[in-house]
There are 2 protein chains.
Amino acid sequence: MITRDELSRVGLRLLADHGLADVSMRRVAKEFDVAVSALYWHVKDKQSLLGAMVDQLLTDLNVAPPTDNWRADLIGRAELLYAKLLDTRDAAELTASVLALGTGGTRMREVIDEVSPNTVTTDAIMSLLIGHATLNQQRMQAQALGIDVAPTTTTTFRQALDLLIGD
Amino acid sequence: MITRDELSRVGLRLLADHGLADVSMRRVAKEFDVAVSALYWHVKDKQSLLGAMVDQLLTDLNVAPPTDNWRADLIGRAELLYAKLLDTRDAAELTASVLALGTGGTRMREVIDEVSPNTVTTDAIMSLLIGHATLNQQRMQAQALGIDVAPTTTTTFRQALDLLIGD
DNA sequence: ACCTGAACACCGTTCAAGT
DNA sequence: ACCTGAACACCGTTCAAGT
């Protein structure tokens, strides 16, 4: 039997193993051994499945409680989220699309907002997060595959963060 | 007769009028009244057509020459690029994909780099640019259609820029 | 050099019909 | 309540064949 939860879990597995292009309704249906049309009883459309996948992705996120140093908190959380976008294949592209269309991923903003001094900073970090992840998609793919080119991507992101938050 | 230039021009018109989803090889071919396969003589694949489109988009860009105030230059150019991403439908999504896959849009980085004090700042602004544009896709669509909600998007971007560049 | 036609292997979504 | 089968209207890419 199919639950909404199992659905997004299978979607995430497909994403990790074969990339976003292979997360199709037909492919997911095949994984469950049901007809494609069966999925539409559990989920409105493909976009809402993608939304559920992002929500799932951000669920098991080990967020530390706020301390009295918001700068450190902010950097820590931003790096945590960035790492999450890094370590799953095509997670950046997926999250960008879901956030853009507003079909999920609200937790991402909440995690930042909780330790952010103001809305402008939250916005800037969100933009930096998805922009940087998107632009470094290729290098990230290599990084995720193990074979790699020093932690350039992570370092660059950290530097951009410092520039933004100042001291 | 079909030139690579005409190809991307038609692609951009399709983009502006119907959105990225409607920029398909088959749709472009129909516009030229040729078979789909004909396009593959002029262009390697779809991704390279999209790359050509972004290059075209960034060609007619009225970039002011550098002054002795790099902060002002940087802000001016970033806002110019942001406006460009704003005023064509789905231009943000298109540019993001093209930059991510490295199939075009190199001029964008050059425009920033020419007045940027260092690579870190260039990277950060590029990320901010495409991240902010992507995240505000919906609001941007409304903004492009005339009907709208104050210049919120532009203001927010400007604030993020200020935060990044400091004073 | 440039284009056609046909094929291949896919898509997302809907909807009557079944149990 | 949950699923099937079939259809609709699409995709990108390749490739032999034509002019």
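Note on naming: letters A, B, ... go to the chains in the order of the sequence lines (proteins, then strands), and numbering restarts at 1 for each one. It should be emphasised that the depicted structure is a prediction, and the values quoted were computed from it without experimental measurement.
D:dC15 and C:dC2 have their C1' atoms separated by 15 Å, with the value rounded to a whole Å. Distance noted for atom C1' between C:dT14 and D:dC3: 15 Å (whole Å). Comparing C:dC10 with D:dA9, their P atoms sit 23 Å apart, to the nearest whole Å.
A ring-ring contact (aromatic ring centres under 6.0 Å, His included) check over residues 98-122 of chain B, counting only residues at least two apart or in different chains, returns nothing. Listed by first and then second residue, the ring-ring contact (aromatic ring centres under 6.0 Å, His included) pairs involving residues 41-97 of chain B are B:Tyr82-B:His132, B:Tyr82-B:Phe157 (not counting sequence neighbours). The salt bridge (charged side-chain N to carboxylate O under 4.0 Å, His left out) contacts involving residues 95-122 of chain B comprise B:Arg77-B:Glu114, B:Arg109-B:Asp123, where partners must be two or more places apart or lie in separate chains. A salt bridge (charged side-chain N to carboxylate O under 4.0 Å, His left out) check over residues 45-56 of chain A, counting only residues at least two apart or in different chains, returns nothing.
Side chain of B:Arg4 to backbone of B:Val43: no donor-acceptor contact under 3.5 angstrom is found. Under the 3.5 Å distance criterion, the side-chain polar atoms of A:Thr103 are left unmatched by any main-chain donor or acceptor of A:Leu99.
There is a path of hydrophobic side-chain contacts, each under 4.5 Å, that joins A:Leu57 to A:Val63.
Here the range on DNA chain D touched by chain A, meaning any atom under 4.0 Å from one of its heavy atoms, is D:dA1 to D:dA7.
Between B:Val23 and B:Met53, the closest side-chain pair of non-hydrogen atoms falls below 4.5 Å.
Closest approach of B:Leu128 and B:Leu161 over heavy atoms only: CD2-N, 4.0 Å.
For B:Glu93, the side chain to side chain contact (heavy atoms under 4.5 Å, CB included) partners at least two apart in sequence or on another chain are B:Leu20, B:Asp90, B:Gln137. Here A:Thr67 pairs with A:Asn69, A:Asp73 under the side chain to side chain contact (heavy atoms under 4.5 Å, CB included) rule; sequence neighbours left out. Listed by chain and residue number, nothing satisfies the salt bridge (Lys or Arg N to Asp or Glu O under 4.0 Å) test with A:Asp22 (two or more places apart in sequence, or in another chain). Under the rule for a side chain to side chain contact (heavy atoms under 4.5 Å, CB included), A:Asn62 has no partner lying at least two apart in sequence or in another chain.
In DNA chain D, runs of at least 3 stacked Watson-Crick or G-U pairs (N1-N3 plus N6-O4 or O6-N4, or N1-O2 plus O6-N3, all under 3.5 Å) give these stems: C:4-8 with D:12-16, C:12-16 with D:4-8.
Within residues 20-48 of chain A, the residues that place at least one heavy atom under 4.0 Å from DNA chain C are, in residue-number order, A:Ser24, A:Met25, A:Arg26, A:Val36, A:Ser37, A:Tyr40, A:Asp45, A:Lys46. Residues from residues 2-17 of chain B placing a heavy atom under 4.0 Å of any atom in DNA chain C do not occur.
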